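Reviewing the structure listed below.
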Amino acid sequence: MVLPNIKPALGALVIYMFTSMWNNFMWPLIILGSEDKYTLPIALAMLDGNPTNKNYAVILLATAVATLPILIIFLIFQKQFVAGVMGGAVKE
């Protein structure tokens, strides 16, 4: 009875939580010991580290690849996200 009413809020929560966990930088940097296990945000920061010779095409491609999972999650939960955001704005 309650679950259908909170489905928009749960969809918005899934998007927010996934985005926050996906973009987490400091915790994986502290925990992961080897460079082959680094997450995409850490790898993006490592690509940007060389100040003299930056390959902007590689950085742009890596940023696009890192954005794809967030975009896919948003497209899956788009209806619930919009309903959750609009639900708080409706005045009764």
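Worth saying up front: this structure is predicted, and the values here are computed from it rather than measured.
- The distance from the CD1 atom of Ile76 to the CZ atom of Phe18 is 9.0 Å, given to the nearest 0.5 Å.
- Residues Val65 and Leu47 fall into different hydrophobic clusters, defined by Ile, Leu, Val, Met, Phe, Trp and Tyr side chains chained together at heavy-atom separations under 4.5 Å.
- In this structure a side-chain-to-backbone donor-acceptor pair under 3.5 Å is missing from Trp22 to Leu40.
- For residues 22-33, no residue pair satisfies the salt bridge (charged side-chain N to carboxylate O under 4.0 Å, His left out) rule, not counting sequence neighbours.
- A single hydrophobic cluster is not seen to contain both Val58 and Leu60; linkage of ILVMFWY side chains at heavy-atom distances under 4.5 Å, directly or through other members, places them apart.
- Both Ile70 and Tyr16 are members of a single hydrophobic cluster when ILVMFWY side chains are connected at heavy-atom separations under 4.5 Å.
- Met21 and Phe25 are assigned to two separate hydrophobic clusters, defined by single-linkage of ILVMFWY side chains at heavy-atom distances under 4.5 Å.
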Side-chain donor-acceptor contacts of residues 29-36 below 3.5 Å, not counting sequence neighbours, with atom names and distances?
{"residue": "Ser34", "atom": "OG", "partner": "Asp36", "partner atom": "OD1", "Å": "2.4"}

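- The shortest non-hydrogen separation linking Thr67 to Thr63 is OG1-O, 2.7 Å.
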TODO: Using the side-chain contact (heavy atoms from CB on, under 4.5 Å) rule, take Asn24 and Thr39 through it: C-alpha gap first, then chi angles, then the decisive distance, then the call.
DONE: CA-CA 9 Å; Asn24 198 357; Thr39 60; over 6 Å; no
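- Residues Ile72 and Leu75 share a hydrophobic cluster, clusters being chains of Ile/Leu/Val/Met/Phe/Trp/Tyr side chains in contact below 4.5 Å.
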